[in-house]
**Q** 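Just dropping this structure here.
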Amino acid sequence: MAALFRVLLNRNKPVEYAFVTSRSLASKTPVGFVGLGSMGNPMAKNLLKNGYPIIATDVFPESCKALQDMGAQVVDSPAEVAEKADRIITMLPSSPNVVEVYAGPSGILKKVKKGTLLIDSSTIDPAVSKEMAVAAEKMGAVFVDAPVSGGVGAASMATLTFMVGGVKEEYNAAQELLTCMGANVVYCGQVGTGQAAKICNNMLLAIGMIGTAETMNLGIRLGLDPKLLTKILNMSSGRCWSSDTYNPVPGVMEGVPSANSYQGGFGTTLMAKDLGLAQSTATNTKTPIPLGSLAHQIFRVMCSRGYANKDFSSVFQFLREEKSQ
């Protein structure tokens, strides 16, 4: 090893050597992963690709097959994951799911080892993150919230943005794993602030997507070609992520859910859930969110009208089908 170190120094690459050694040693320690849905699955795969042995579980065993085929060890419960790993990532649909996975009868905290780092990338109520952090601390473990932005595509390409809340020293430890799954890892403050940032981001995303869908629908009804209108918007002051990266109009852009009958991506049900979190936290903090509240109502109505399992950009289709009064 000393000889190798000298060779690398002679090449003037000591920094690269330190990085490779750190990542190589770290990769010998298994990482637990609970929740292998549309986001969790590619995230766990990226950890495997970076050399981290994975010990995984999911409430739906069939979700584990692809990861198992890549070499991951699959176990029956979150508690079993906690027995075998001292760094665990969870990616779950909602606050009740997180409470069950951590504090339930077969939950992580039943078997968690002292010093374990628990990273929750679910999007949940910040108050629940704080509750889980307190519960973990009682067991000698450390909990950080690290929700993500970027969707399934970014999860597959390891370009997610992580918003992290927790003790600063633990944020530094979590970075090692999060940088294998994302391009941006941002420290937001104490536990719960990662969730706060994510809720605010998704509220704006929902409002922006509805605005883009309304604009495109109006322009089309006024006789404008949707590709031309999109081009104009994206070189003008109306430009936004929903218009230039995730356009909701079929035929305008390739590689997005609107080009695939609104399959894949970020489901309408999940957007309605996140807007519900925004509404709840706004009520608790006495913060007016008139557009956020309206967006919540729109996505809830969509869920009741057959759009629940479609990507949230299907709001364009929903508006197109609304009859003119």
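Note that this is a predicted model, so its numbers are computed, not measured.
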**Q** For Gly276, is there any backbone N or O sitting under 3.5 Å from a side-chain donor or acceptor partner on Ser280?
**A** no
**Q** Atom CD of residue position Gln279 - does it have more than 12 heavy atoms of other residues, nucleotides or ligands inside 6.0 Å?
**A** yes
**Q** As an exercise, state the distance from CD of Gln73 to CD of Glu80, rounded to the nearest 0.5 Å.
**A** 9.0 Å
**Q** For residues Asp225 and Lys227, report the shortest heavy-atom separation together with the two atoms involved.
**A** OD2-N, 3.0 Å
**Q** Taking all heavy atoms of Arg221 and all of Leu319, pick out the closest pair and write down the distance.
**A** NH2-O, 4.2 Å
**Q** Could you give the distance from CG (Leu294) to CD1 (Ile207), rounded to the nearest 0.5 Å?
**A** 8.5 Å
**Q** Would you indicate whether Glu62, at its atom CD, is surrounded by more than 12 heavy atoms from other residues, nucleotides or ligands within a distance under 6.0 Å?
**A** yes
**Q** Look only at the side chain of Ser242 and the backbone of Asn247, and say whether a donor-acceptor pair between them is shorter than 3.5 Å.
**A** no
**Q** Say whether Val59 and Ile54 are linked into one hydrophobic cluster, either directly or through other cluster members, by side-chain heavy-atom distances under 4.5 angstrom.
**A** no
**Q** Can you check whether Val144 reaches Leu118 side chain to side chain, under 4.5 Å on heavy atoms?
**A** no
**Q** Are the side chains of Ser121 and Pro147 in touch, meaning some heavy atoms are under 4.5 Å apart?
**A** no
**Q** Tell me whether the centres of the aromatic rings in Tyr246 and Phe312 are closer together than 6.0 Å.
**A** yes
**Q** Any sub-3.5 Å donor-acceptor pair from Thr179's side-chain atoms to Glu176's backbone N or O?
**A** yes
**Q** Run the side chain to side chain donor-acceptor pair (under 3.5 Å) check on Lys310 and Gln317 step by step: do they pass?
**A** CA-CA 10 Å; Lys310 292 188 176 185; Gln317 188 180 51; 3.1 Å; yes
**Q** Working to the nearest 0.5 angstrom, can you tell me the gap between Asn309 CG and Ser314 OG?
**A** 10.0 Å
**Q** Would you say CD of Glu137 has more than 12 non-hydrogen atoms from neighbouring residues, nucleotides or ligands within 6.0 angstrom?
**A** no
**Q** Donor-acceptor check, side chain of Asn97 to backbone of Ser94, threshold 3.5 angstrom: yes or no?
**A** yes
**Q** For Glu321, is there an ion pair with Arg305 - N to carboxylate O distance below 4.0 angstrom?
**A** no
**Q** Are any of the side-chain heavy atoms of Ser149 and Leu160 separated by less than 4.5 Å?
**A** no
**Q** Taking it one step at a time, do Val301 and Phe318 satisfy side chain to side chain contact (heavy atoms under 4.5 Å, CB included)?
**A** CA-CA 10 Å; Val301 171; Phe318 169 73; 3.9 Å; yes
**Q** Are Phe266 and Trp241 connected into the same hydrophobic cluster when the rule is that any two of I, L, V, M, F, W, Y join if their side-chain heavy atoms are below 4.5 Å apart?
**A** yes
**Q** Keeping Thr159 on the side-chain end and Ala183 on the backbone end, is there a donor-acceptor pair under 3.5 Å?
**A** no
**Q** Quick one: does Met181's side chain get under 4.5 Å of Ile89's, heavy atoms only?
**A** yes
**Q** Which donor-acceptor pairs under 3.5 Å do the side chains of residues 194-201 make with protein atoms, sequence neighbours left out?
**A**
unit_1 : atom_1 : unit_2 : atom_2 : d
Gln195 : OE1    : Ile124 : N      : 3.0
Gln195 : NE2    : Ser122 : O      : 2.9
Lys198 : NZ     : Thr123 : OG1    : 2.7
Lys198 : NZ     : Val148 : O      : 2.7

**Q** Just wondering, do Leu117 and Asp86 contact through their side chains at under 4.5 Å, heavy atoms?
**A** no
**Q** Would you confirm whether the ring centroid of Tyr262 sits within less than 6.0 angstrom of the ring centroid of Phe316?
**A** no
**Q** When you compare the side chain of Ile210 with that of Ile298, does any pair of heavy atoms fall below 4.5 Å?
**A** yes
**Q** Tell me whether Lys273 contacts the main-chain N or O of Pro93 through its side chain, where contact means a donor paired with an acceptor under 3.5 Å.
**A** yes
**Q** Out of curiosity, Met203 CE to Ser293 OG, how far, rounded to the nearest 0.5 Å?
**A** 8.5 Å
**Q** Would you say Lys45 and Met70 make side-chain contact, with heavy atoms under 4.5 Å?
**A** yes
**Q** Between Val128 and Leu275, is there a shared hydrophobic cluster once you connect ILVMFWY residues whose side-chain heavy atoms come closer than 4.5 Å?
**A** no
**Q** Residues two or more places apart in sequence or in another chain: which of them pass side chain to side chain donor-acceptor pair (under 3.5 Å) with Ser304?
**A** none
**Q** Please assess Gln175 against Phe162 for the test side chain to side chain contact (heavy atoms under 4.5 Å, CB included), listing each intermediate value before the final yes or no.
**A** CA-CA 9 Å; Gln175 271 188 303; Phe162 287 89; over 6 Å; no
**Q** Any idea which heavy atoms bring Tyr52 and Cys180 closest together, and the distance?
**A** CE1-SG, 3.6 Å
**Q** For Tyr307, is there any backbone N or O sitting under 3.5 Å from a side-chain donor or acceptor partner on Thr268?
**A** yes
**Q** Can you give me the closest heavy-atom contact between Leu229 and Leu224, atom names plus distance?
**A** CD1-CD1, 4.0 Å
**Q** Distance from Phe143 atom CZ to Glu131 atom CD, nearest 0.5 Å?
**A** 10.5 Å
**Q** Specify the closest pair of heavy atoms between Asn234 and Arg239, including all atoms of both residues, with the distance to one decimal.
**A** O-CD, 3.2 Å
**Q** If you look at every heavy atom in Thr212 and Cys240, which pair is closest and at what distance?
**A** OG1-SG, 3.3 Å
**Q** Within the 4.5 Å heavy-atom criterion, are Lys138 and Val134 side-chain neighbours or not?
**A** yes
**Q** Is it the case that the side chain of Asp145 and the backbone of Gly192 share a donor-acceptor pair, with hydrogens and angles ignored and the cut-off at 3.5 Å?
**A** yes
**Q** Under a 4.5 Å side-chain heavy-atom rule over Ile, Leu, Val, Met, Phe, Trp and Tyr, are Val98 and Val142 clustered together?
**A** no
**Q** Enter the distance from Asn46:CG to Ser156:OG here, rounded to the nearest 0.5 Å.
**A** 7.5 Å
**Q** Can you tell me if NZ on Lys113 sees more than 12 non-hydrogen neighbours from other groups inside 6.0 Å?
**A** yes
**Q** For the pair Thr90 (side chain) and Val34 (backbone), establish whether a donor and an acceptor sit closer than 3.5 Å, ignoring hydrogens and angles.
**A** no
**Q** Give a yes or no on whether the backbone of Leu67 and the side-chain of Asn41 come within a donor-acceptor separation of less than 3.5 Å.
**A** no
**Q** Determine, stepwise, if the pair Tyr102 / Asp120 fulfils side chain to side chain contact (heavy atoms under 4.5 Å, CB included).
**A** CA-CA 10 Å; Tyr102 279 92; Asp120 181 40; 3.8 Å; yes
**Q** Hydrophobic cluster membership, with links at side-chain heavy-atom distances under 4.5 Å among I/L/V/M/F/W/Y: are Val31 and Leu36 in one?
**A** yes
**Q** May I have the step-by-step check of side chain to side chain contact (heavy atoms under 4.5 Å, CB included) for Met163 and Thr193, ending in yes or no?
**A** CA-CA 8 Å; Met163 294 152 272; Thr193 55; over 6 Å; no
